[in-house]
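All figures in this text were calculated on a predicted structure; none of them were measured in a lab. We count ligands from 1, going down the list as the structure has it; atoms in each ligand are counted the same way.
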Amino acid sequence: MPTYREAHRRSIEDPESFWGEQARRIHWETPFEQVLDRSNPPFARWFVGGKTNLCYNAIDRHLAARARQNALVYVSTETGIERRYTYAELHAEVNRMAAVMRSLGVTQGERVLIYLPMIPEALFAMLACARLGAIHSVVFGGFAAPSLAARIDDATPVLIVTADAGARAGRVIDYTPLVDEALARATHKVPKVLLIDRQLAPERLQAPYLVAYEPLRERFFDAHVPCVWLESNQPSYVLYTSGTTGKPKGVQRDVGGYAVALAASMEHIFQGKPGDTMWTASDVGWVVGHSYIIYAPLIAGLTTVMYEGTPIRPDGGIWWRIIEQHRINLMFTAPTALRVLKKQDPKLMEQADLSSLRTLFLAGEPLDEPTAQWIQSALKKPVVDNYWQTETGWPMIAIPRGIEALSPKLGSPGVPSMGFALTVRNEATGEICAPGEKGVIALDYPLPPGCMQTVWGDDSRFIKTYWNSVPGQQLYSTFDWGVTDEDGYVSILGRTDDVINVAGHRLGTREIEEAISSHRAVAEVAVVGVADSVKGQVALAFVVLRDAQALDKAGAREALEAELARSVDAHLGAIARPARVHFLATLPKTRSGKLLRRAIAALAEGRDPGDLPMIEDAGALVQVKEALAR
Ligand code: PRX
């Protein structure tokens, strides 16, 4: 076995040979002619000419050896439903869904927008798209109608798949009114909406475009839909993510590179073996769900567990009992969940038999040291932090335990993964920072397989957004600050842009600002993310009203705060709701009119705002302090 250092160096210096070998982990219907095409940087094309299919690799390929092994275990503590699907049963369900979609006009290259809660049909629908060569775009069920409408207009789907309702913490959330509103707002007309009826919300099939899934599933019960073989670089999905602007970017992923990268990550990082059971407690609407609830575990022949519910319902021991009951070997979640679990009665964890569990993986936000120390000592199993983004699709920093069991270091997710030429760079010069020196985490061209190909429908935005931060250098910016140590371990120090991370959910402060400023009373607003002991970060809004006297009446402040919160709920969804809204007479800005978000955030966290550029109105910062003290 090569050491980590040797393997990593080879993956960077000779990607053709490294990834050419890794490509053997998946099925190729037609072999590729070229491992890597770098003729058009910053775009990279992997496994050129090879034909494959994600659904085939996730299901069909396993039928010979594991038809009777569970592929999917579904647990909902919201509805009390538990279901198991063997690989053979999953194959049948995905064929039915694919046949239904085909009957509704879905063909290769068309987009299908999936707006579903955590139900097995979400997985069936994604894999059915993959089977047909259609491109799925899953929109997180917590997003409100305007966010959904924006994604409809950008992805221009031929079909939406939705359900009557989602359920969260005992509350039923009707989905169809949201879909109705989104369709009314969107310019693009979607001909059909396929409705999965969970019988949670009142029957609502009036809209002419709604098609019930169940009768069609019956009609296509015995259907067999062949896999459409796609050239490795054709798109498999588009997943929207927040950035600096109010308009989310459609991260576009390929087929072959993604399959190979995930299969390699299962070996090198997650050490998931065929027959293991993996539980990724995330949502299918996020990248962690795409990669590690759906594709990676199935491609590697594992049993994947899909969970609808929270960590503390019916009580704070539920997650530990699920691990015990389903003999989970690998668990993956976000630090937020652990910070919630840490507050529960420790007996709830001690009472569960966690002997099946080998490793706990954490990603999505910084793992703070107290939480890391607590979980390590309570669990007595390896806890592996890993750092990545929607854009990369799989961990770019982790402990590659499948290659070399490097010891983890507190405060760092580890070292760069195979194929990631990752460095920390000086923000201004692009020079590689010395150990201990803070800079921006960047990747050299080419990005390894599995990473985003481009921004959906907008190549120039891909270049401008990600590849333009250091003049004259072909570097991909992660927009995260980081620092390396003498041994090459990287620590993540927060975003360089206006993206915040609330309970592992990536949100753009600009999007929240737009939702708030859509309220007629608002003249100006700044939203910043500040540290929170449970959620990692929360959003705070600082609002300047058109008419400051509007606050004079008793109760007006509270009423307006509640109204602005509702406005965020309606535009983006409750996950984006600011924890507090503060009202100010002016916002702190530079003389050129740039909002001083970092200074506001520093004050809100009780830090020194540091060196300030020329400020327009020095009193504005004092106002921020006073508002925070109220
Ligand atoms: O700021 C980093 C943070 O989450 C961002 C990416 O979020 P998203 O696109 O939703 O993808 C999540 C995939 C796990 C990053 O730019 N982040 C992610 N993982 C970590 C992290 N920050 C610190 N430590 C991590 N392990």
Query - Val568 backbone acceptor or donor facing Arg577 side chain under 3.5 Å - result: no
Query - Residues, nucleotides or ligands: over 12 heavy atoms within 6.0 Å of Lys594 NZ - result: no
Report task. Determine, for Glu486 against Lys409, whether the closest basic-nitrogen to carboxylate-oxygen distance falls under 4.0 angstrom. Result -> no
**Report entry** Any donor-acceptor N/O pair, Asp254 side chain to Gly450 backbone, under 3.5 Å
**Finding:** no
Could you pull out every donor-acceptor pair under 3.5 Å between side chains of residues 112-127 and any protein atom, sequence neighbours left out?
unit_1 : atom_1 : unit_2 : atom_2 : d
Tyr115 : OH     : Phe143 : O      : 2.7

**Report entry** Under 4.0 Å from ligand 1 - residues by heavy atom, chain and number
**Finding:** Val287, Val288, Ala363, Gly364, Glu365, Pro366, Asp385, Asn386, Tyr387, Trp388, Gln389, Thr390, Asp480, Ile492, Arg495, Asn501, Arg506
Query raised in the report: Does any non-hydrogen side-chain atom of His8 lie less than 4.5 Å from one of Pro416?
Result: yes
